[in-house]
There are 2 protein chains.
Amino acid sequence: MHSFTEENYLKTIYYLSARQEGEVTTNSLAEMTATKAASVSDMLRKLAEKQLIHYKKYQGVRLTEEGERLALKVIRRHRIWEVFLSEKLGFGWDEVHEMAEELEHIRSEDLVQKLDAFLGYPQFDPHGDPIPSPAGHMPTVEYTKLSEVTVGEEVQVMGVLEHSPEFLQHLDKTGLNLGCRVLVQDVNAFDKSVSVQINHEKTLFVSNEVARNLLVN
Amino acid sequence: MHSFTEENYLKTIYYLSARQEGEVTTNSLAEMTATKAASVSDMLRKLAEKQLIHYKKYQGVRLTEEGERLALKVIRRHRIWEVFLSEKLGFGWDEVHEMAEELEHIRSEDLVQKLDAFLGYPQFDPHGDPIPSPAGHMPTVEYTKLSEVTVGEEVQVMGVLEHSPEFLQHLDKTGLNLGCRVLVQDVNAFDKSVSVQINHEKTLFVSNEVARNLLVN
DNA sequence: AAAAATTTTTAGACTAGTCTAAATTTTTAT
DNA sequence: ATAAAAATTTAGACTAGTCTAAAAATTTTT
């Protein structure tokens with residue numbers, strides 16, 4: 001079995017790889033895991049020894065097939081627990097991440113499998129992120145940022161790019177929940193803020209900062 | 001906050017204290033936690049420094065009020081998770097303990113509180129053990145061992161003293177589940193084994209070893 | 001293409017929790 | 001009441017994961 005810490009590194013490498021092309025850097029990992037570059041270097045050596053990453057000194061890092069399989073397992077557990085916390089226990093989408101960070105490391109194949117069944121095999125977590133398959137495959141989703149929708153189009157909120165509680169709470173406050181319909185009425189040429197109508201009801205002004213972090217289809 | 005390991009020591013001290021009068025010994029703790037006496041000694045020093053136990057060298061150990069409060073918190077979390085695993089996910093009572101050993105350490109007051117509500121504020125875990133109150137009080141239950149029931153009495157299985165999967169699976173196999181009615185028909189004078197009728201149906205022979213570990217009322 | 005800046009790695013140290021072996025204290029047996 | 005046995009603690013070492021400071025490699029700038 002792999003340690004709590006190793007699982008977190010793999011997960012983080014996966015996320016950073018998905019975010020940009022090419023190798024993941026030591027520094028970006030240090031930032032994401034809130035440790036120092038020296039600690040990351042050390043851990044990379046260990047993960048490379050275990051064949052979980054491809055690693056050449058000074059050249060950045062990439063998951064091996066086995067490493068990606070493990071990372072997706074952890075992400076799958078994380079997201080399934082988030083669904084549980086949200087759907088069954090009534091936690092807000094701004095609260096579930098932190099608890100899932102711990103729950104994702106509970107070691108039992110059977111547990112996540114039964115939990116998945118109990119939840120009715122959900123496809124997405126409370127933030128709209130897809131749940132990897134048991135076999136370790138990440139579903140591809142094709143969403144657009146709200147900031148890129150043209151005036152007159154009506155779209156539906158499908159996910160978020162920013163997962164901080166602050167951002168999610170802001171969305172709650174303004175009523176921009178997952179699944180709500182958004183009609184783009186106007187785009188401000190100066191600051192790229194968007195004027196939208198929500199669920200054919202109230203009209204709202206959305207900053208570009210927010211619009212860039214809202215995924216729609 | 002306290003570490004995973006500290007929580008386990010406190011929990012174990014609580015269990016051993018409940019099992020016998022007086023101070024808990026270093027050796028018994030070493031056995032229970034599957035470590036060595038030397039490691040226990042070390043940890044006891046640390047727990048004493050944190051005022052979680054009363055500890056005089058060579059004299060054994062006893063929880064302080066604060067230590068007991070923490071121990072009961074952990075036990076509460078453990079048992080509530082067991083109920084969840086059993087009732088909602090369909091795990092057997094022989095399977096839940098191991099997973100709960102990990103789940104009990106998830107740090108969130110809110111989580112256990114919401115889980116408790118979701119489960120309808122259960123009073124007992126799947127083994128019949130009472131669930132401590134949120135305030136940290138262990139309900140007292142007055143059960144008798146099946147081995148001490150007199151011939152002719154009909155009782156109900158309320159709990160177990162032995163929690164090993166092997167024992168629990170044995171009970172499953174023989175149909176001695178929690179809640180089932182047991183009429184004591186005969187006690188063998190030689191080996192103290194008991195002849196019982198289950199739920200007014202089949203008759204069963206129960207060894208004294210088993211009868212001593214079955215709690216009834 | 002060399003110098004400067006940045007990034008990454010190494011070296012050495014620290015903590016929590018564990019271990020073995022040795023020393024000490026307590027208990028039991030004579 | 002002493003000797004032997006058992007239990008407990010201390011001493012010193014190990015591992016995983018972290019850190020700071022220094023060294024080395026890479027990238028950027030001039």
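Naming: A, B, ... by sequence-line order, numbering from 1 per chain. The analysis underlying the following values was restricted to heavy atoms, covering all of them including side chains, and did not include hydrogens, waters or symmetry mates. On a predicted model such as this, the values are computed, not experimentally measured, just so you know.
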Would you please confirm or rule out a distance under 4.0 Å between OP1 or OP2 of C:dG17 and any side-chain N or O of B:S3? yes

Taking NZ from B:K56 and C1' from C:dT26, how many angstroms apart are they, rounded to a whole number? 15 Å

Between B:S41 and D:dT10, is there a side-chain N or O to OP1/OP2 distance below 4.0 Å? no

A:F4 atom CZ, neighbour heavy-atom count above 12 within 6.0 Å: yes

Phosphate contact (C:dT8 OP1 or OP2) by A:N27 side-chain N/O below 4.0 Å: yes

What is the distance, rounded to the nearest whole Å, between atom NE2 of B:H2 and atom P of C:dG17? 11 Å

Euclidean distance, atom CG of residue B:L29 to atom P of D:dA7 [Å, nearest integer]: 14 Å

Residue-phosphate contact under 4.0 Å: A:K57 side-chain N/O, D:dA24 OP1/OP2: no

Cation-pi check, A:K46 onto A:Y55 ring (under 6.0 Å, within 45° of axis): no

Could you tell me the separation between the CG atom of B:L44 and the C1' atom of C:dT18, rounded to a whole number of Å? 14 Å

Would you mind telling me which of A:V24, A:L52, A:T26, A:V40 makes a side-chain contact (heavy atoms from CB on, under 4.5 Å) with A:V61? A:V24

Whether B:E104 and B:K11 form a salt bridge (side-chain N of Lys/Arg under 4.0 Å from carboxylate O of Asp/Glu) is what I want to check. yes

Does a nitrogen or oxygen in the side chain of B:Y9 sit under 4.0 Å from OP1 or OP2 of C:dT18? yes

Does the plane of the ring in B:F118 sit parallel, tilted or perpendicular to the ring in A:F84? Use 30° and 60° as the thresholds. perpendicular

Has B:Y58 got a side-chain N or O lying under 4.0 Å from the OP1 or OP2 atom of D:dA6? no

Within the pair B:T5 and C:dG17, is there a side-chain N or O less than 4.0 Å away from OP1 or OP2? yes

Nearest-angstrom distance from the residue atom CD of B:E6 to P of C:dA16: 9 Å

May I ask you to verify if any side-chain N or O of B:Y55 is less than 4.0 angstrom from the OP1 or OP2 atom of D:dT8? no

Considering just the side-chain nitrogens and oxygens of B:T35, establish if one lies under 4.0 Å of OP1 or OP2 belonging to C:dG17. no

Could you work out which one of D:dT18, C:dT18, C:dT26 sits closest to the side chain of B:M43? C:dT18

Answer yes or no: does a side-chain N or O of B:K36 lie under 4.0 Å from OP1 or OP2 of C:dA21? no

CZ of B:F4 versus C1' of C:dA16: gap in Å, rounded? 14 Å

Which part of the nucleic acid, if any, lies within reach of B:T26 when heavy atoms closer than 4.0 Å are counted: base, sugar-phosphate only, or nothing? sugar-phosphate

Without decimals, in angstroms, what is the distance between A:N8 CG and D:dA16 C1'? 14 Å

In whole Å, I'd like the distance from the CG atom of B:D42 to the C1' atom of C:dA21. 15 Å

Could you check which nucleotide pairs with D:dT30 in any of the strands shown, counting Watson-Crick or G-U wobble with both distances under 3.5 Å? C:dA1

Do the ring planes of B:H127 and B:H163 sit parallel (below 30°), tilted (30 to 60°) or perpendicular (above 60°)? perpendicular

